[in-house]
Amino acid sequence: MSGAPVSLDQHPPHGHPDNQGPSEHPLDKPSTASHPPSTKPDPTTTAPHSKINPDNATTQGEQSASSTAGASELSSLKVRLHKALRQYPDFPTPGILFEDIMPIFANPELHSDLIKALEISVAQTFGKQRKIDVVVGLESRGFLFGPSLALRLGAAFVPIRKKGKLPGQVETEAFEKEYGADYFQIQSDAIKKGQTVIVVDDIMATGGSAVCAGSLVRKIGGDLMGFVFLMELTFLNGRDKLDAPVYTLLTGQEEK
Ligand SMILES: O=P(O)(O)OC[C@H]1O[C@H](OP(=O)(O)OP(=O)(O)O)[C@H](O)[C@@H]1O
Ligand SMILES: Nc1ncnc2[nH]cnc12
């Protein structure tokens with residue numbers, strides 16, 4: 001049945017069986033094609049072509065006790081967050097398996113878990129390089145946590161919006177995403193030349209939105225440090241299109 005939530009493990013991206021209702025999350029079960037065993041490298045912490053691996057952030061053999069504690073806290077946060085996601089077949093168009101992140105924000109504890117997980121991840125992934133000056137969030141779900149993350153990092157928050165929403169001088173670029181096409185805009189003076197920037201969004205699917213956002217950031221002078229996503233639909237290989245380091249908290253929807 002279309003329009004009702006289903007669990008990750010029962011629903012490959014094509015085929016869409018009937019709704020079984022929310023159920024136990026596959027992270028709690030033996031590994032499957034969509035959830036590789038722990039012996040495999042975790043794609044959420046390994047960037048394309050090894051561009052970023054948080055374990056490399058410290059000198060080899062020097063990982064501190066605090067970063068080890070951070071890693072273990074991060075894995076339990078990831079499990080809780082992944083469990084909260086719901087999937088809706090054939091939304092917004094037939095053939096799309098929609099990942100609904102809203103249950104995270106409906107629960108204050110999960111909401112707090114998310115911001116904590118992102119803060120730890122960004123510190124592990126980018127913190128050893130340079131301070132992040134600006135968090136750029138993509139309309140609209142990137143606005144749900146971008147500003148909170150920016151506050152935690154002591155960074156500015158800058159929105160990239162769909163066409164026609166931002167006043168003043170703007171830069172505009174077209175993009176295609178998993179289920180449509182659109183235009184993104186950024187205010188031309190939103191980032192000072194050379195400021196370090198991370199782009200954050202909820203989902204990376206084809207990577208079309210993120211490529212466009214990265215290009216706009218660079219166009220107005222930002223130093224793009226990388227991309228941070230709550231979730232990556234790995235079977236769409238979106239990260240291959242991105243030419244800056246990528247960090248994703250959760251993965252799913254890999255073809256079985
Ligand atoms: O990797 P891609 O294929 O580009 O797809 C990812 C984008 O698609 C969604 O945005 P959308 O504009 O659909 O929705 P929103 O306004 O609810 O965030 C999602 O929030 C990402 O921004
Ligand atoms: N499958 C999907 N679920 C939720 N948001 C998306 N944005 C692009 N593809 C998506």
Side-chain angles (χ1 to χ4, degrees), residues 2-17 19 22 34 43-44 47-48 81-82 84-106 114 118 135-149 157-166 172-186 198-217 226-244 246-256:
S2 173
V6 294
S7 69
L8 279 170
D9 49 336
Q10 293 161 339
H11 294 271
H14 309 297
H16 302 150
N19 170 35
S34 45
T44 64
L81 291 166
H82 215 160
L85 299 177
R86 291 180 303 189
Q87 292 186 316
Y88 289 84
D90 296 323
F91 181 86
T93 56
I96 300 296
L97 182 56
F98 189 84
E99 298 284 347
D100 183 17
I101 63 164
M102 294 308 173
I104 292 175
F105 298 94
L114 172 64
L118 290 171
V135 173
V136 166
L138 309 191
E139 183 174 358
S140 53
R141 281 172 273 158
F143 294 179
L144 292 170
F145 54 89
S148 313
L149 179 62
F157 175 77
V158 166
I160 282 186
R161 297 208 63 182
K162 308 275 167 61
K163 196 174 175 178
K165 303 284 187 184
L166 289 170
T172 307
E173 274 193 34
F175 67 93
E176 285 184 18
K177 61 185 171 186
E178 193 186 10
Y179 43 71
D182 217 323
Y183 292 88
F184 267 155
Q185 293 185 325
I186 193 167
I198 55 169
V199 170
V200 304
D201 202 5
D202 61 333
I203 307 252
M204 174 172 47
T206 64
S209 314
V211 168
C212 177
S215 167
L216 286 172
V217 164
F227 298 87
V228 175
F229 302 96
L230 166 50
M231 186 176 205
E232 173 178 0
L233 309 187
T234 43
F235 75 98
L236 290 169
N237 301 316
R239 67 167 55 214
D240 295 347
K241 297 195 183 111
L242 302 180
D243 63 354
V246 178
Y247 180 88
T248 56
L249 210 49
L250 310 172
T251 56
Q253 283 202 322
E254 288 171 275
E255 279 179 316
K256 291 180 180 170

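Just so you know, ligand 1 is whichever comes first in the structure, and atom 1 is the first atom listed for that ligand. Sequential numbering from 1 along the given sequence is applied to the chain's residues.
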- line: Closest heavy-atom pair, Ala210 versus Phe229, reported as atoms and distance to 0.1 Å, is CB-CZ, 3.7 Å
- request: Report yes or no: does Asp202 contribute a side-chain atom to a donor-acceptor pair with the main-chain N or O of Gly142 at less than 3.5 Å?
  value: no
query: What are the two closest non-hydrogen atoms of Val136 and Phe157, and how far apart are they?
result: C-CE1, 4.4 Å
- request: Find all atoms of ligand 2 within a distance of less than 4.0 Å from any non-hydrogen atom belonging to Ala205, and give their numbers and elements.
  value: 8 (C), 9 (N)
Leu97 N/O to ligand 2 N/O under 3.5 Å: yes
- request: Would you name the heavy atoms of Phe227 and Ala244 that are closest together and state the gap between them?
  value: CE1-CB, 3.9 Å
message: Test of understanding: given a 4.0 Å heavy-atom threshold, classify the contact between Arg141 and ligand 2 as side chain, backbone, both, or neither.
response: side chain
Test side-chain hydrogen bond (donor to acceptor under 3.5 Å, both in side chains) applied to Glu139 and Lys165, Arg161, Lys162, the passing residue: Arg161
message: Run the side-chain contact (heavy atoms from CB on, under 4.5 Å) test against Ser215 and tell me which residues pass, sequence neighbours left out.
response: Glu173
task: Using distance alone, decide if ligand 2 has a nitrogen or oxygen within less than 3.5 Å of any nitrogen or oxygen in Glu99.
output: yes
message: At less than 4.0 angstrom from any atom of ligand 1, which residues have a non-hydrogen atom? List them by chain and residue number.
response: Glu139, Ser140, Arg141, Lys162, Lys177, Glu178, Tyr179, Asp201, Asp202, Ile203, Met204, Ala205, Thr206, Gly207, Gly208, Ser209
query: Quick one: does Gln87's side chain have a donor or acceptor within less than 3.5 Å of a partner on Leu97's backbone?
result: no
query: Taking heavy atoms and a distance under 4.0 Å, where does Glu178 meet ligand 2: side chain, backbone, both or neither?
result: side chain
- request: Would you tell me whether Glu178 and Thr206 have side-chain atoms, one donor and one acceptor, within less than 3.5 Å of each other?
  value: no
